[in-house]
Amino acid sequence: MQNKRDLPWRETKDPYQIWISEIMLQQTRVASAIDYFNRFLKQFPTISDLAQAEEQEVLKLWQGLGYYSRARNLHAAAKIIQLEYHGIFPDSYKEILKLKGIGTYTAAAIASFAFNLPHAAVDGNVYRVLSRLYGINKAIDSTEGKKYFQTIASETMGNAIPEIYNQAIIEFGALQCIPRSPKCDICPLLANCFAHNNAQVDQFPVKSKQIKTKNRYFYYLFLSCKSRFLIEKRKKKDIWENLFQYPLIEYDKPISTNELLRTSEWKELFGNMELVIHSVSENVIHKLSHQNLHTKFIHIEMDIDKMKNKYGYAIINHSEISEYPFPKLIEDHLNKMTKNNP
DNA sequence: AATTCGGGGCT
DNA sequence: AGCCCAGAATT
C-alpha cells in the first residue's frame, strides 16, 4: 500500500514491540502514542526488562496516556510470559488472547502483524469502513453486532495476506474513510459503497448506547512545607488506580471552604491542629469521557511532619516527582507549583 | 448486556 | 458540546 504512514512500530516484526504498540493504541490516537512508544522501548527494550521492572516505573512511563489498567495489565502479562513462556512471546492466536489486556482485536492484530496468522483485526476503523461499504446497520456496541462484523471482516479478508490486509483496512479507515467528512471525492471504493450511494455516509456505523457523564467534586489538599509535600496512592477500584495524588476529600456536591473544614474527613486528617489556608484555587474542571471532575486545590503550608504518622500518606520532595506516576490533573498542578518555586 | 476505565483532538 | 480514537475488563 503506497499511502501508508511511517510509524515506529512498523519498522519491526518483534512481537514484543508490536504488542506494546497495540496496547498503547487501544482507544488512543496514533499521534498521542508515538512518543510514549519510543520512550517505553528505550527504557524496556525486551520482555525481560519489562517483567523485572516495578509497576510504579511502568505507570510513570504511562503517565498522561490514560487508561492505566493497560499499563498494569501489560506489566502483569510480561511477568507471565517471562515465567510461563520462558520469555518468548506466544505465537498462536489462542495463547495471545489469554494474556491480560489482550482481547479479540489486539490478539488478531499481533497474530497477523508479528506472525502473519489469518485473523481479521476488527477495530473502530474496520467497523466504520465495513458498515459504510456494506450498509451494515447492526450496532457495533452490541454483542450480536460485534460477532457479525467479525464474520464479515473474516470473509472480506478471504485469502489475502493477513498482515497486509489488516494494516490496509485499518489505515484506510484512519486516513480516508474517517468518522466525519470522509474523503469520498477521492475514494476508490466509491462505486461500491452502500453508504455513499444512499447518501448515508454519516449514518454509519450505528451505535446503540449513549454515554452519560457524572459530576464529582474533588477537594485536593496540597500540604506543603518548603519543597516537601504530602501524597497518597489511589488503591480503590476507581479512576487512576495505583497512581498518586494529594490527600483528597471528595464530595457528592459542591461545598464551600468553610463547609469543607467541618467535614468528618477534614477532622479525621487534622484533628484540632491549627492551620492557615494559604490559598484556594479556582474551580478546575477536569473532563474525562464519562466524568467531570470539579476540583479545587487547597494549599496549606504547615509542619507536614505532624502528618507522617497518618496511615497511607507519604512525604516527598519536589525532586522526587519524577519517581511517582500522577494523573494529568495533579501533574498540571505540580507544574504550576514548581514553576513558582524552582 | 451494561458499565467503567483517560486524555486529547476535531468539528 | 459532542464524538471518537488500532478496546478490554468487570459487574
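Chain letters run A, B, ... following the sequence lines, proteins first and then strands; every chain starts at 1.
Atom P of C:dT11 sits at a distance of 15 Å from the matching atom of B:dG6, rounded to the whole Å. Rounded to the nearest Å, the gap between the P atom of C:dA6 and that of B:dT3 is 25 Å.
Taking the 5' to 3' direction, DNA chain C first and last meets chain A under 4.0 angstrom from a heavy atom at C:dA1 to C:dA9.
There is no side-chain donor-acceptor pair under 3.5 Å between A:Gln150 and A:Lys147. A donor-acceptor contact under 3.5 angstrom links the side chains of A:Ser48 and A:Gln52, judged on distance only. A donor atom on one side chain and an acceptor atom on the other are found under 3.5 Å apart for A:Glu57 and A:Gln43.
Within the 3.5 Å criterion, the main-chain N or O of A:His318 finds no donor-acceptor partner in the side chain of A:Arg228. Of the possible donor and acceptor atoms, none in the side chain of A:Ser32 sits under 3.5 Å from a partner among the backbone N and O of A:Thr28. Under the 3.5 Å distance criterion, the side-chain polar atoms of A:Asn166 are left unmatched by any main-chain donor or acceptor of A:Ala120.
Across all strands shown, A:Lys100 has heavy atoms under 4.0 Å from sugar-phosphate atoms exclusively, and none from any base. Heavy atoms of A:Ser181 sit nowhere under 4.0 angstrom from any nucleic acid atom. If you check every strand for non-hydrogen atoms under 4.0 Å, A:Thr104 touches sugar and phosphate atoms only. When heavy atoms are screened at a 4.0 angstrom cut-off, A:Lys146 is found touching no nucleic acid atom at all. Here A:Leu7 lies in heavy-atom contact (under 4.0 Å) with a base. Using a 4.0 Å heavy-atom criterion, one finds that A:Trp62 contacts no nucleic acid atom at all.
Atom CD1 of A:Ile178 is separated from atom C1' of B:dC10 by 10 Å (rounded to the nearest Å).
Along DNA chain B, the nucleotide nearest to A:Lys212 and the one nearest to A:Arg180 differ in position, and the one closer to the 5' end is contacted by A:Lys212. When each of A:Asn73 and A:Ser21 is assigned the nucleotide of DNA chain C with its nearest heavy atom, A:Ser21 is the one assigned upstream, toward the 5' end.
The aromatic rings of A:Tyr127 and A:Phe149 stand perpendicular to each other, their planes meeting at an angle above 60°, with 30° marking the opposite boundary. Ring pair A:Tyr217/A:His294 is parallel by interplanar angle, where below 30° counts as parallel and above 60° as perpendicular.
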Which donor-acceptor pairs under 3.5 Å do side chains of residues 77-88 of chain A form with protein atoms, sequence neighbours excluded?
from: A:Tyr85; atom 1: OH; to: A:Glu95; atom 2: OE1; distance (Å): 2.6

With the criterion being N/O to N/O and under 3.5 Å, what pairs connect the protein with nucleotides 5-8 of chain B, and how long is each?
from: B:dC5; atom 1: OP1; to: A:Ile239; atom 2: N; distance (Å): 3.4
from: B:dC5; atom 1: OP2; to: A:Gln291; atom 2: NE2; distance (Å): 3.1
from: B:dC5; atom 1: N3; to: A:Tyr67; atom 2: OH; distance (Å): 3.4
from: B:dC5; atom 1: N4; to: A:Tyr67; atom 2: OH; distance (Å): 3.4
from: B:dG6; atom 1: OP1; to: A:Tyr67; atom 2: N; distance (Å): 3.4
from: B:dG6; atom 1: OP1; to: A:Tyr68; atom 2: N; distance (Å): 3.1
from: B:dG6; atom 1: OP2; to: A:Trp240; atom 2: N; distance (Å): 2.6
from: B:dG6; atom 1: O4'; to: A:Tyr67; atom 2: N; distance (Å): 3.0
from: B:dG6; atom 1: N7; to: A:Tyr67; atom 2: OH; distance (Å): 3.2
from: B:dG6; atom 1: N7; to: A:Ser289; atom 2: OG; distance (Å): 2.7
from: B:dG6; atom 1: O6; to: A:Tyr67; atom 2: OH; distance (Å): 3.0
from: B:dG6; atom 1: N1; to: A:Gln27; atom 2: O; distance (Å): 3.0
from: B:dG6; atom 1: N2; to: A:Gln27; atom 2: O; distance (Å): 3.3
from: B:dG6; atom 1: N2; to: A:Thr28; atom 2: OG1; distance (Å): 3.1
from: B:dG6; atom 1: N2; to: A:Leu65; atom 2: O; distance (Å): 3.4
from: B:dG7; atom 1: OP1; to: A:Tyr68; atom 2: OH; distance (Å): 3.0
from: B:dG7; atom 1: OP1; to: A:Lys328; atom 2: N; distance (Å): 3.1
from: B:dG7; atom 1: OP2; to: A:Trp240; atom 2: NE1; distance (Å): 3.3
from: B:dG7; atom 1: OP2; to: A:His286; atom 2: NE2; distance (Å): 2.9
from: B:dG7; atom 1: O6; to: A:Ser289; atom 2: OG; distance (Å): 3.0
from: B:dG8; atom 1: N2; to: A:Arg29; atom 2: NE; distance (Å): 3.4
from: B:dG8; atom 1: N2; to: A:Arg29; atom 2: NH2; distance (Å): 3.3

